[in-house]
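Scroll down for the structure; my scribbles are underneath it.
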Amino acid sequence: MKLLNVYRKLYSEFGPQHWWPADNELEVIIGAILTQNTSWKNVEKAIKNLKPISLSKMRSISRKELENRIRSSGFYKQKAERIKAIVKLLDKYSIETLKSMPVDKVRQLLLSVKGIGKETADSILLYALGKGIFVVDAYTKRIFNRLGFDISGYEEVRKFVETNLPANYYNEFHALLVKLAKEYCRKKPNCRKCPLKSYCSFYKQHYKE
DNA sequence: AGCCAGGACTGAG
DNA sequence: CTCAGTCATGGC
């Protein structure tokens, strides 16, 4: 099973996912932090509470108030801290500046912020800054392993996709993998209807008669 | 009533 | 490098 065929199958099944759901780049960046190990539903309320907060207001807002506004997203103390940290970076490098900088350097900058790991950094690079970076998450690794791709490390998986798929597909592909996981992997019975079941080792082991 | 969400950090082995 | 514990709310 070729990776490009996986993409095609998912796209024809689900269509465009319109990621990242946000009104502007700052919202993508904040959202990337808020959604860490948290369902998107819980993040939406937090985003809503932050809507009236512009970037300039974000600098002066007290930590307590920030915590209260994002409480529904869980881990609210760390996340408030992390948002403060990324805003501090944006103080030195504007979003437009980051867009014009080399990918590797921006990735380094993001990873140097406490609370921003690889997935969050790459989400920002791809969905906020429009860089050619593929975002790997737990779903990606799980699905790939079930499809027989024997790779486990974050960078390994990322390189695998980036060498087997055109860069303009990264955006949609990650979104489609999340969609697939939500629809067919998370809830067990749905596994039977999965569009990739004929290639999935998990399906064969648990549901094939 | 648990278990899990569109993770990251820390410490231990 | 892998792995458990921690952080925390809300939906199912």
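Within every chain, numbering begins at 1; the chains are lettered A, B, ... in the order of the sequence lines, protein sequences first and strands thereafter.
- The pair A:K48-A:E44 does not count as a salt bridge, with every side-chain nitrogen at least 4.0 angstrom from each carboxylate oxygen.
- As rounded to whole Å, 12 Å separates atom C1' of B:dG7 from atom NE2 of A:H174.
- In this structure, A:K182 atom NZ and C:dG11 atom P are separated by 14 Å, rounded to whole Å.
- Counting only residues at least two apart or in different chains, salt bridge (charged side-chain N to carboxylate O under 4.0 Å, His left out) contacts with residues 89-101 of chain A comprise A:E25-A:K99, A:R59-A:D91, A:E96-A:K99.
- Remark: A:E156 does not engage A:K118 in a salt bridge, criterion side-chain N to carboxylate O under 4.0 Å.
- As a whole-Å value, the separation of A:I116 CD1 from B:dC9 P is 9 Å.
- Distance, A:I83 CD1 to B:dG7 P: 16 Å, rounded to whole Å.
- Among the atoms of the strands shown, only primed sugar atoms or phosphate atoms (P, OP1, OP2) are found under 4.0 Å from some heavy atom of A:K45.
- Atoms CD (A:E44) and C1' (C:dG11) sit 13 Å apart, rounded to a whole Å.
- Proximity of a side-chain donor or acceptor of A:S123 to a complementary backbone N or O of A:A32 within less than 3.5 Å is not detected.
- Checking B:dA8, B:dA5, C:dG10 against every side-chain atom of A:E119, the shortest atom distance belongs to B:dA8.
- Contact annotation: A:T120 side-chain N/O to B:dA8 OP1/OP2 distance is under 4.0 Å.
- Between the CD atom of A:Q36 and the C1' atom of B:dC4 there is a distance of 16 Å, given to the nearest Å.
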task = Under the side chain to side chain contact (heavy atoms under 4.5 Å, CB included) rule, what do A:L50 and A:L66 come out as? Steps first, then yes or no, please.
result = CA-CA 8 Å; A:L50 291 177; A:L66 184 54; 3.9 Å; yes

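- We find that A:K179 and A:E13 are not joined by a salt bridge, their nearest charged nitrogen and carboxylate oxygen being 4.0 Å or further apart.
- Taking atom NZ on A:K114 and atom P on C:dC7, their separation rounds to 18 Å, with Å as the unit.
- Looking at which nucleotide of DNA chain C each of A:S152 and A:N42 is closest to, the 5′-most match is held by A:S152.
- A heavy atom lying under 4.0 Å from DNA chain C marks the following residues of residues 62-82 of chain A, by number: A:R71, A:S72, A:G74, A:F75, A:Y76, A:K77, A:Q78.
- Using a 30° and 60° split on the angle between ring planes, A:Y170 and A:F134 fall in the perpendicular class, above 60°.
- Counting any heavy atom pair closer than 4.0 Å across all strands shown, A:I33 reaches no nucleic acid atom.
- Between the CG atom of A:L34 and the P atom of C:dA8 there is a distance of 13 Å, given to the nearest Å.
- Spacing between B:dA1 and C:dA8 at atom P, rounded to whole Å, works out to 26 Å.
- Look at the P atom in both B:dC3 and C:dA4: the space between them is 15 Å, to the nearest Å.
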